[in-house]
Every structure is written in C-alpha cells, then in structure tokens.
Amino acid sequence: MASDREKNSAVSAGVQQDDLTIPVIDFSSFLSGDSKTKQQTASAILHAFRTSGFLYLANAGISPITVQNVFAHSARFFDRPEQQKEALCWDTPESNRGYVRFGREKVTQSADPEEILRLRTANPDFKETMEIGREGVEGLPNKWPDCFDEEGREFTRVMQAFHDTCKDLHMQVMRAIALGMHYEETFFDDYTNVGDNTLRLLHYPPVLKSVFENNPDAVRAGPHSDYGSITLLFQDDIGGLEVKSPQNTWVRAVPIKDTIVVNAGDLLARWSNDTIKSTNHRVVQPPSASGSSTEGSDLYPTRYSVAYFCNPNFDKTIEVLPGTYADVSEKKYEPINSGDYLTMRLAATY
C-alpha cells in the first residue's frame, strides 16, 4: 500500500539522482489545506529534511513579481561603483551586515584559520555579497545605500519589506517542521518571532571557462553547509548549485521556475540531534547546453541569487529537542546560545 507521503498530491518529483531526492512540495497545501492535508504536507517536509536536507517549495505565498523586483534591485546595487559599495563594507561577525567584496569570504567546513586562508588564496570564491540583518538592533545598523540617490532609497524600502516577508515564511516552515515532529504547530514560534535572520544578495560575475578548465578545484562558492536553522534560496535560471549525494557525488539542484530551494542548516541538525540533515552544497559553473548563452563563448555568465538565512532568536538557548532521543545519554550536543553559535561560525568564515 502506498504511504501517505507517496499519495500526497502536494509532493512531486524534483531532482532524483545518486540516492539523493529533492522533492517539489506545494506549500499552499500547508498554508490553506484542511487538517489532514496540512499534516501530510508537514510530514513530507520533515521527510525531505531528514533524508536529503533539501526541498523545493512551490506556492509559498511570495509572488514571482516580488522576487523579480528584489533581483532587479540587487543587480543594480552590484553595478554601483566600487567606492560606493566599499563605503558600506561588512566589518564584524557580530554585526554581519554590509557589502562583502570578491574574495573576502571563503565558505568551507574548516574551522582552522590557517586552512581557510590557504583555501581562500588558492581557490577564492568568485562572488560578492550584500548582507542585510533585521532593523532596529541597537549598535548594529544595516548599511543602506539610501545616502547615495533615490534608487538607493528604493533599494532600502524593497529589501526591508522582503526581509519581513521571508521572516514570515521562515515561521511557517518551522510550523510545518513542528507538526511533522508531532509538536504543537506553534512550538517554534517563540524561537522565530524576532527575525534574527540575514538576507544575503549574491552576485557571481562572469568567469572565463578556462578558470575551471585549468583548475578543477575552482568554485563560485566552496563546499559548505549553512549555519542556522533553514535557508530560503531564490535562484535565477542560470544554475550552478550542487548538493552532495549519499554516493559522495555532486548533484545539480537545477532551477525550477517559481520555487524556493529550502535546506536545513547546522543548528537545526544539532537541535534535532542529527535526525535532520544539514547537507553540504556548493556553487560551480553552470551546465553547458546546446543553444545556451554560453555556447561558443569564453565566459560563463553572470549569476544572481538571493539567500535568506534563518536562525533561532539570538537570545535563545538551543537544546536537543524532545523525542529525538530515547535516553539522555543519546543526546549528542550540549545546549548552546543561538547568537553565540552564529558569531562563532561567521568569525571562522571571514
């Protein structure tokens, strides 16, 4: 007999390769379905997080027009003169706000500063970013381009609104996880209601194909897992995101129109006593295809993406969740403060 998950009309095929499945899940079934449909969708989301750590979320309540507007403002921001961008530069892990120039960050699983320096020197990440935190944190203001011109002021308004929009989706996805784990739906609300999350705009510039041909270790963003609870990733149609499979291969998480890639992070894996997976992923050159814009060109094209890194409220203590262990001796992790954990991870990365 087919399982409830297999019969769930909210779940459809996404990516299936090398024992890795990244399903497409229709989130409207959770947001507006009846109690049975809602539970089935929540169970499917939890199953994806427990197996691959990744899923595509469709009909998540964020309009394609809103996303297109965010991408357009992101592209115009990265087109600004270097002097303007550097005036808004990222400074500390505690703040984690501002512009990050090419080569400054090296995402990696290593926590060894010397190893990170070696990796950054040998294979820098081919990207620049803009980090935006929640507004109103005393002593940690966002670094907005509103001082430059009207476009900068509109950028500020758009990104402030989008940060709030994604915060609401984070809360809803965590409610689905709660239901999937058979907690009360609002179990995580007190951990997500502040919005201590980071909106990251990413620009991967054109890269000579020879860079990748001459150096098989070259990447646009190195292999890593994310730090927090979940990540909401909005991709353009260029592609390049790859996810590590159980067979130790890299599988392309191809862009699927009007979906959001959602993956679990290290802190959620820790919180769940590793019953949820935080899976390594990277960004490499996009696939070559006949008739594509890269055919016959020496360059791989520009890629843009927008990541919303979700975290438990920074004042919260994260302890292994009830129901993920039979005996206290099976707890894999000691309690840790959410904000301290993220700062520690960021300090290693930069």
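The analysis underlying the following values was restricted to heavy atoms, covering all of them including side chains, and did not include hydrogens, waters or symmetry mates.
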Participant: Which pairs with one or both residues in residues 158-181 pass salt bridge (Lys or Arg N to Asp or Glu O under 4.0 Å), sequence neighbours excluded?
Facilitator: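 Sorted pair list: Arg175-Asp189.
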Participant: Find the distance between CG (Leu232) and CG (Leu169) and round it off to the nearest 0.5 Å.
Facilitator: 5.0 Å
Participant: Any side-chain heavy atom of Asn59 sitting closer than 4.5 Å to one from Phe27?
Facilitator: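 They are not in contact (no side-chain heavy atoms under 4.5 Å apart), so the answer is no.
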Participant: What are the two closest non-hydrogen atoms of Asn311 and Gly228, and how far apart are they?
Facilitator: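 Closest approach of Asn311 to Gly228, heavy atoms only: OD1-CA, 3.4 Å.
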Participant: Just how far is it from atom OG of Ser278 to atom CD1 of Ile230, taken to the nearest 0.5 Å?
Facilitator: 12.0 Å
Participant: Are side-chain N/O atoms of Thr66 and Ser63 paired as donor and acceptor at under 3.5 Å?
Facilitator: yes
Participant: For Tyr56 and Val254, which heavy atoms make the closest approach, and how far apart are they?
Facilitator: OH-O, 2.8 Å
Participant: If I compare all heavy atoms of Glu319 with all of Trp271, which pair ends up nearest, and what's the gap?
Facilitator: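 Scanning both residues, the minimum pair turns out to be O-CD1, 2.9 Å.
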Participant: Hey, what do you get for CD1 (Ile276) to CZ (Phe49), rounding to the nearest 0.5 Å?
Facilitator: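 Going from the CD1 atom of Ile276 to the CZ atom of Phe49 covers 7.0 Å.
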Participant: Between Asp19 and Ser245, is there a side-chain donor-acceptor contact under 3.5 Å, judged purely by atom types and distance?
Facilitator: no
Participant: Do side-chain atoms of His224 reach the backbone of Arg282 as a donor and acceptor pair under 3.5 angstrom?
Facilitator: no
Participant: Counting only heavy atoms from other residues, nucleotides and ligands, does the tally under 6.0 Å from CD of Glu150 exceed 12?
Facilitator: yes
Participant: Is the side chain of Tyr333 donor-acceptor paired with the backbone N or O of Ala269 at a distance under 3.5 Å, no angle test?
Facilitator: no
Participant: Test your reading of the model: is there a side-chain donor-acceptor pair from Ser338 to the backbone of Pro312, 3.5 Å cut-off?
Facilitator: yes
Participant: Check the side chains of Thr37 and Asp34 for a donor-acceptor pair under 3.5 angstrom, ignoring hydrogens and angles.
Facilitator: yes
Participant: Would you call the rings of His203 and Tyr304 parallel, tilted or perpendicular, taking 30° and 60° as the class edges?
Facilitator: parallel
Participant: Any chance the side chains of Thr129 and Glu131 put a donor and an acceptor closer than 3.5 Å?
Facilitator: yes
Participant: Is the count of non-hydrogen atoms from other residues, nucleotides or ligands lying under 6.0 Å from Gln247 atom CD greater than 12?
Facilitator: yes
Participant: With the side chain counted from C-beta on, respond yes when Asp18 and Pro246 share a heavy-atom pair under 4.5 Å apart, and no when they do not.
Facilitator: no
Participant: So, does Arg270 use its side chain to make a donor-acceptor pair with the main chain of Gly265 at under 3.5 Å?
Facilitator: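 No: the side chain of Arg270 does not pair with the backbone of Gly265.
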Participant: A side-chain contact here means heavy atoms from C-beta on lying under 4.5 Å apart; do Leu321 and Thr275 qualify?
Facilitator: no
Participant: What do the steps show when you test Val283 against Lys127 for side chain to side chain contact (heavy atoms under 4.5 Å, CB included), and what is the final call?
Facilitator: CA-CA 10 Å; Val283 179; Lys127 69 178 190 295; over 6 Å; no
Participant: Go through Trp144 and Ile132 one step at a time and tell me if the side chain to side chain contact (heavy atoms under 4.5 Å, CB included) criterion holds.
Facilitator: CA-CA 9 Å; Trp144 298 114; Ile132 300 166; 3.4 Å; yes
Participant: Do Thr192 and Cys310 have side chains that get closer than 4.5 Å, going by heavy atoms?
Facilitator: no
Participant: Check for a donor-acceptor pair, side chain of Asp327 on one end and backbone N or O of Glu330 on the other, with a separation under 3.5 Å.
Facilitator: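 A pair under 3.5 Å: no.
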Participant: Report yes if the side chains of Leu342 and Phe309 come closer than 4.5 Å at any heavy-atom pair, otherwise no.
Facilitator: no
Participant: Got a donor-acceptor contact below 3.5 angstrom from the Ser52 side chain to the Thr21 backbone?
Facilitator: yes
Participant: Between the side chain of Asn273 and the main-chain N/O of Thr324, is any donor-acceptor distance below 3.5 Å?
Facilitator: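 At least one qualifying donor-acceptor pair exists.
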Participant: Apply salt bridge (Lys or Arg N to Asp or Glu O under 4.0 Å) to residues Glu151 and Arg80 and explain how you reach the verdict.
Facilitator: CA-CA 11 Å; Glu151 163 60 27; Arg80 286 184 175 273; 5.3 Å; no
Participant: On a heavy-atom basis, which atom in Asp236 and which in Gly239 lie closest, and how many Å separate them?
Facilitator: OD1-N, 4.0 Å
Participant: Can you tell me if Lys143 uses its side chain to pair, donor with acceptor, with the backbone of Cys89 under 3.5 Å?
Facilitator: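 Side chain of Lys143 to backbone of Cys89, a donor-acceptor pair under 3.5 Å: yes, one is there.
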Participant: Hey, are the side chains of Leu88 and Phe148 touching, using non-hydrogen atoms and a 4.5 Å cut-off?
Facilitator: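 Result yes, sub-4.5 Å side-chain heavy-atom pair found.
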Participant: Roughly how far apart are Tyr227 OH and Leu267 CG, rounded to 0.5 Å?
Facilitator: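 These two atoms lie 13.0 Å from each other.
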Participant: Within the side chain of Ser95, is there an N or O that forms a donor-acceptor pair under 3.5 Å with the backbone of Thr92?
Facilitator: no
Participant: Sorted by first residue and then second, give each ring-ring contact (aromatic ring centres under 6.0 Å, His included) pair with at least one member in residues 163-182; sequence neighbours left out.
Facilitator: His163-Tyr308
Participant: What class does the angle between the rings of Phe188 and Tyr191 fall in, given that below 30° is parallel, 30 to 60° is tilted and above 60° is perpendicular?
Facilitator: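 Perpendicular, since the angle between the ring planes exceeds 60°.
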Participant: Under a 4.5 Å cut-off applied to non-hydrogen side-chain atoms, are Met159 and Phe77 in contact?
Facilitator: no
Participant: Is there a donor-acceptor contact under 3.5 Å from the side chain of Ser74 to the main chain of Val70?
Facilitator: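 No; zero donor-acceptor contacts below 3.5 Å.
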Participant: Could you tell me if the side chain of Asp266 sits less than 4.5 Å from the side chain of Tyr341, heavy atoms only?
Facilitator: yes
